[in-house]
Novice: 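Got a structure here, written out as structure tokens. Questions coming.
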There are 2 protein chains.
Amino acid sequence: MARAGLTTETLIRAGAETADEIGFERTTPTELARRFGVRTASLYSHVRNAHDLKTGIALFALEELADRASEAVAGRAGKDALVAFANVYRDYALEHPGRFAATQFPLDAEAAASSAGVRHAQMSRAILRGYHLTEPHQTHAVRLLGSVFSGFVGLEAAGGFSHSAPDSQQSWTEILDALDALLRTWPTTS
Amino acid sequence: MARAGLTTETLIRAGAETADEIGFERTTPTELARRFGVRTASLYSHVRNAHDLKTGIALFALEELADRASEAVAGRAGKDALVAFANVYRDYALEHPGRFAATQFPLDAEAAASSAGVRHAQMSRAILRGYHLTEPHQTHAVRLLGSVFSGFVGLEAAGGFSHSAPDSQQSWTEILDALDALLRTWPTTS
DNA sequence: ACCGCTTGCCTAAGCATCTTAGGCAAGCTC
DNA sequence: GAGCTTGCCTAAGATGCTTAGGCAAGCGGT
């Protein structure tokens with residue numbers, strides 16, 4: 001019998017594609033084995049268990065997303081950078097719903113440390129550099145941006161905006177305008 | 001053998017408590033059966049299946065959350081109402097992590113229609129009444145509030161803010177200040 | 001070209017969970 | 001107390017996760 005050529009890497013990439021097709025939730029060892037024409041047990045030389053597989057997909061997606069964001073932000077500043085950065089997140093979620101769901105998979109401390117999370121935080125800070133916020137306000141603003149992006153995209157993916165006018169694209173555009181205005185006049189009174 | 005007195009209602013309430021204790025993910029028919037000292041199959045007269053059970057818990061949590069929010073907002077206006085409303089969400093998530101996770105369970109169209117989602121949207125609009133936004137800006141602002149609240153609380157629950165200073169409470173307070181300022185000067189140029 | 005070793009994928013098996021079908025008796029109604 | 005409803009049961013099948021151990025594919029060296 002010819003071998004399938006499984007590796008940890010192959011499995012995780014296939015897992016990312018599978019997640020986009022049928023959902024991250026349903027991306028299981030059994031499903032991947034089916035797709036590779038292989039017995040489920042055969043995966044266990046390459047992945048410790050189902051949880052480990054999902055963690056791997058999550059780390060892969062976080063890395064891929066950070067790559068895209070870093071490319072989009074390069075050479076931009078101010079609102080330009082903010083919008084580009086924000087759109088990377090939203091487009092990624094719309095284009096790769098399964099991978100985006102994976103980025104929200106709860107990571108244990110060890111996995112979180114080795115994740116691209118740090119890169120994401122650094123990029124947020126780089127964008128805010130154009131708005132001249134001092135600490136601790138910059139940190140609060142970073143957290144606001146993260147909340148808005150993950151919140152909007154999450155609600156949009158869950159269909160929260162789908163059955164009402166105006167369409168979500170318009171809200172997205174206006175919300176980015178509003179965030180830009182807010183960052184330029186961030187209230188530092190507290 | 002004395003009967004356990006199962007009903008759909010009892011199961012959902014117990015499910016909500018179980019979710020807070022061991023996580024929404026692990027709140028399954030088998031686990032509930034264990035807690036009631038009953039065979040798993042016995043639940044199936046009261047709940048169609050595992051998915052149905054989770055949907056029931058989600059609807060219960062959404063209703064409970066709407067009740068709290070509606071009580072908090074009553075008699076308040078402007079920033080006062082905004083802060084009270086926002087804190088209901090955050091406190092609910094911190095106090096009842098499992099139920100909050102349940103509120104994010106993807107509902108099918110039928111369940112969504114019968115959910116308290118409408119009440120949540122109405123309350124958001126009621127709060128924004130104090131900020132005198134016209135349509136379609138009010139809708140965009142409603143969506144921003146939803147995004148920020150669900151995003152912040154979700155990230156906080158996932159531990160996103162836990163390993164860095166300043167603590168998340170400070171960010172939350174300053175973000176609410178910023179949102180208030182933003183709503184008072186919402187850019188309506190686009 | 002052959003031999004031996006590594007290792008990739010296999011079979012076999014155990015366990016947990018979800019779900020359906022059909023049965024018995026608890027406990028209400030009369 | 002008799003009869004009926006129905007709540008919970010046992011039994012059984014399907015599917016998924018995981019471990020243990022085996023066989024042979026296909027690499028390295030000679």
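Just so you know, these numbers use all the heavy atoms, side chains as well, and skip hydrogens, waters and symmetry mates. Letters go in sequence order (proteins before strands), and every chain restarts at 1.
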Novice: Compare the minimum distances between each of dC18(C), dC9(C), dT19(D) and the side chain of P29(B), then state the nucleotide with the smallest one.
Specialist: dC18(C)
Novice: For E156(A), is there an ion pair with R90(A) - N to carboxylate O distance below 4.0 angstrom?
Specialist: yes
Novice: Which nucleotide wins on minimum distance to the side chain of R39(A), given the candidates dT11(C), dT18(D), dC18(C)?
Specialist: dT11(C)
Novice: Does T28(B) make a side-chain N or O approach to OP1 or OP2 of dC18(C) shorter than 4.0 Å?
Specialist: yes
Novice: Please report the C-alpha distance between F152(B) and W172(B) in whole Å, then the side-chain angles of each, then the deciding distance to 0.1 Å, and finally whether the ring-ring contact (aromatic ring centres under 6.0 Å, His included) criterion is met.
Specialist: CA-CA 8 Å; F152(B) 188 96; W172(B) 181 246; 4.9 Å; yes
Novice: Taking atom C1' of dG7(D) as reference, at what distance in whole Å does atom CG of L32(B) sit?
Specialist: 17 Å
Novice: With under 30° as parallel and over 60° as perpendicular, where do the rings of F24(B) and F105(B) fit, or are they tilted in between?
Specialist: perpendicular
Novice: Tell me what R26(B) touches on the nucleic acid: a base, only sugar-phosphate, or nothing, going by heavy atoms under 4.0 Å.
Specialist: nothing
Novice: Checking contacts here: which listed nucleotide (dG7(D), dA20(D), dT19(C)) is nearest the side-chain heavy atoms of A41(A)?
Specialist: dA20(D)
Novice: Starting at the 5' end of DNA chain D, which residue's closest nucleotide do you reach first, T30(A) or S42(B)?
Specialist: S42(B)
Novice: Side chain of Y44(A) only, please: which of dG7(D), dT19(C), dT19(D) is the nearest?
Specialist: dT19(D)
Novice: Can you tell me if H46(A) touches the phosphate of dT7(C), counting only side-chain N or O atoms and a distance under 4.0 Å to OP1 or OP2?
Specialist: no
Novice: Check this for me: does any side-chain nitrogen of one of E174(A) and R143(B) sit under 4.0 Å from a carboxylate oxygen of the other?
Specialist: no
Novice: I want to check one thing: is the phosphate of dC17(D), taken as OP1 and OP2, less than 4.0 Å away from some side-chain N or O of R48(A)?
Specialist: no
